[in-house]
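Dumping the structure here so I can ask a few things about it.
What you see is a predicted model, and the numbers here were worked out from it, not measured in a lab. Both backbone and side-chain heavy atoms feed into the values below; hydrogens, waters and symmetry mates do not. In what follows, chains are A, B, ... by sequence order, proteins preceding strands, each numbered from 1.
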Amino acid sequence: MIELRDVSYSYGGGELLSAISLTLAPGSFHFLTGPSGAGKTTLLKLCYADLRATAGKILLFDQDVRDMDRDQIARLRRRVGVVHQDCQFLDHLSVAENVALPLSVSGRDVEGHVSNLMELIGWVGMKDQMDALPPSLSGGERQRAALARAVIMDPEVIIADEPTGNVDWEMSLRLLTLLVELNRMGKTVLVATHDLNLIRAAKAQTAARVLRIRNRQIQLAGADL
Amino acid sequence: MTWAVDLFAVLRGDAEADRAVPPTGFTARLTLFAAGAMAFLTVFALALSLATGRLADRWASELARSATLRISAPAGQVEAQVGAALKVLETTPGIAEFRLLDEAEQHALLEPWFGPDLPLDTLPIPRMIAVIEDAKGYDGEGLRLRLRAEAPGAVLDDHTRWRQPLVRAAGRLRLLGFASILLIAATMAAMITLAANAALAANAQVIRVLRLVGARDVYIARAFVRRFTVRAFIGAAAGMVVGVLAVFLLPNASTEGGFLTGLGFQGAHWLWPLCIPPLAAIVAFAATRAAALKSLKELM
């Protein structure tokens with residue numbers, strides 16, 4: 001589904017990620033952890049073609065990212081739902097319109113998906129705020145709305161970058177439960193977090209594997225968590 | 001042919017794509033103003049081109065067919081030479097008609113130059129014969145040779161000497177008018193490109209979000225292109241209406257024959273300005289589309 005072969009990424013001077021190989025199988029649940037600045041967000045961006053690897057090969061749905069043109073990348077992003085660290089909403093549109101944005105930009109008939117949209121907004125518990133503008137939402141509400149937007153296209157892969165970054169523990173668990181539910185529905189889930197408690201809580205609910213970035217390399221974390 | 005698909009999409013409109021990009025009040029008004037001002041100027045450039053075109057055609061066709069025979073001879077010989085010249089003209093092929101101007105007509109011609117009180121009958125005024133050629137035309141050199149033999153005081157003036165520079169000047173003016181229209185179109189394209197780039201830069205974050213949720217470049221470009229195309233059309237339509245009104249209200253003094261007062265439209269030419277708003281829209285469409293796709297390519 002997502003496959004990295006000897007992938008390196010360097011910013012201007014130094015190398016941030018070095019010769020990383022990684023395969024995410026369909027239906028798997030992975031956490032990505034590591035200290036701040038270790039390259040978690042960079043690794044995720046490589047997985048939805050927001051960044052291009054400086055060396056190595058990235059296969060997304062068996063397609064080499066280097067061979068994809070801009071329109072193919074756009075279509076790829078409709079198959080990968082992403083919860084961005086800073087949510088990335090359009091602040092002049094309501095929550096419901098933001099959640100429906102992937103539908104409208106891909107030319108789907110939003111009217112025809114209204115029941116799906118309402119169900120999804122209900123599922124993340126945002127019914128009362130659906131007409132609100134994103135800047136008026138709390139951190140947890142923003143993350144839940146972002147999750148709803150990430151799954152509206154019924155993607156095969158869900159990538160979340162620090163979805164519990166600035167929300168309280170209760171809200172973190174709620175978001176985790178939503179992600180676990182999606183995984184049980186067969187979605188491949190990749191979550192970057194530095195919250196070890198969240199990883200422990202997830203391990204109680206699902207067979208999550210933990211990847212750790214250390215010294216520009218990726219390691220499968222053992223039982224120490 | 002993606003641009004054709006795009007043009008169609010722009011004409012049809014997409015409310016959702018329009019919603020996705022927040023409205024920009026200031027650049028919108030500037031674009032409207034620029035398009036209006038450019039359309040206003042185009043109306044005048046168009047009027048200039050069409051008017052000088054008419055003038056050049058008229059000079060070239062009407063004047064080319066007329067000539068003047070001037071006979072100046074010692075007092076006693078004038079009548080005899082006029083008679084001889086008329087005979088020559090009668091037997092010259094290619095002349096449709098000719099007419100000896102009588103004294104009253106010559107007076108009227110000279111009056112603007114010498115005033116009404118001059119006693120013209122005491123002056124040795126040459127006699128004039130107006131000549132109109134037929135469709136085939138006559139042989140000017142042959143006529144001159146025959147006149148030299150029969151009426152040595154006759155001088156044939158076929159107006160070429162002063163007509164050709166005028167026709168050339170009118171043609172050059174028409175060219176200048178069309179060049180102005182092209183320059184105006186290019187300037188409008190430049191201004192709209194600048195405005196579009198400003199709008200794209202101001203909406204960089206919106207564009208990034210749209211790309212991240214899977215929008216193709218053409219979808220994002222369309223939201224901008226549609227706006228600028230519609231604005232250019234509306235602005236140009238308003239500028240065109242004001243320009244046409246201004247041309248319509250120009251004081252009409254064409255009977256006095258001024259070249260400047262002939263500036264304006266005649267008959268079907270009044271329909272030409274209707275082309276300005278669609279052309280402005282096409283210019284805006286092309287300029288914005290190129291600017292949008294270029295700046296999108298620079299994003300990931």
What I'd like to find out is whether the side chain of R142(A) reaches to under 4.5 Å of the side chain of N98(A), using heavy atoms alone.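 Not touching, per the 4.5 Å side-chain cut-off.
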So for R79(A), is it side chain, backbone, both, or neither that comes closer than 4.5 Å to the heavy atoms of chain B?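 For R79(A), there is no contact with chain B at all, as no heavy atom is under 4.5 Å.
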Whether R208(B) and D50(A) form a salt bridge (side-chain N of Lys/Arg under 4.0 Å from carboxylate O of Asp/Glu) is what I want to check.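 The answer is yes: the pair qualifies as a salt bridge.
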Option in H92(A), Q88(A), Q72(A) with maximal non-hydrogen atom pairs under 4.5 Å from chain B: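 Highest number of pairs under 4.5 Å: H92(A).
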Hey, do the aromatic rings of F40(B) and F44(B) have their centres closer than 6.0 Å?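 Yes.
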Which atoms of Y48(A) come close to chain B, meaning under 4.5 Å heavy atom to heavy atom: side chain ones, backbone ones, both, or neither?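 Answer is side chain: those atoms of Y48(A) sit under 4.5 Å from chain B.
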Whether R78(A) side chain and G214(B) backbone form a donor-acceptor pair below 3.5 Å: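 Yes; at least one donor-acceptor contact below 3.5 Å.
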